[in-house]
Amino acid sequence: MSGKHSKSDQKGLWIPAEILRDARLTNAGKILLAEILALHQNGSGCFASNAHLASVLGMTISGLRKQLGKLVDDGFLERGVILTGHVQK
């Protein structure tokens, strides 16, 4: 797993009230955003792969991509791609 979290040390997922109450987000979007925020805690970004996030959340990769796209389109996330150690936006 990417970052400092692993399945063994994550005891649950906390969803902030502002995410939970946001009518623009689907339930899947709320959970995905909360997971990304949990992986982003160290301030350096979330570097989890789509395959990892889909597996943890019980989604298909195509379903995850749709959810990520909506989170980006709605301004909740910025997405970058890592190529040879450099981030492209």
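This is a predicted model, so every value here is computed, not measured.
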Any chance NZ of K66 has more than 12 other-residue heavy atoms, nucleotides or ligands included, within less than 6.0 Å?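 No - once you tally the heavy atoms of other residues, nucleotides and ligands closer than 6.0 Å, there are 12 at most.
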Euclidean distance, [Y] [atom2] relative to [X] [atom1], rounded to 0.5 Å:
X: L64; Y: N50; atom1: CG; atom2: CG; answer: 5.0 Å
X: L32; Y: M59; atom1: CG; atom2: CE; answer: 6.5 Å
X: L77; Y: C46; atom1: CG; atom2: SG; answer: 8.5 Å

Using residues 67-76 as the side-chain source, report each donor-acceptor pair under 3.5 Å to any protein atom, sequence neighbours left out, with the distance given to one decimal.
from	atom 1	to	atom 2	distance (Å)
Q67	OE1	T26	OG1	3.2
Q67	OE1	G29	N	3.3
K70	NZ	D74	OD2	2.8

R24: salt bridge (Lys or Arg N to Asp or Glu O under 4.0 Å) partners, not counting sequence neighbours: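 By the salt bridge (Lys or Arg N to Asp or Glu O under 4.0 Å) rule, R24 matches D22.
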For the residue pair I15 and I31, what are the closest heavy atoms and their distance?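 Shortest heavy-atom separation between I15 and I31 comes out as CD1-CG1, 4.3 Å.
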Please find the pair of heavy atoms, one from V56 and one from E35, that lie closest to each other, and give the distance.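 In this case the closest contact between V56 and E35 is CG1-OE2, 4.1 Å.
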Who are the side-chain contact (heavy atoms from CB on, under 4.5 Å) partners of A51, not counting sequence neighbours?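 S49, I61.
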Verdict with reasoning, L20 to L25, per side-chain contact (heavy atoms from CB on, under 4.5 Å): CA-CA 8 Å; L20 198 56; L25 295 166; over 6 Å; no
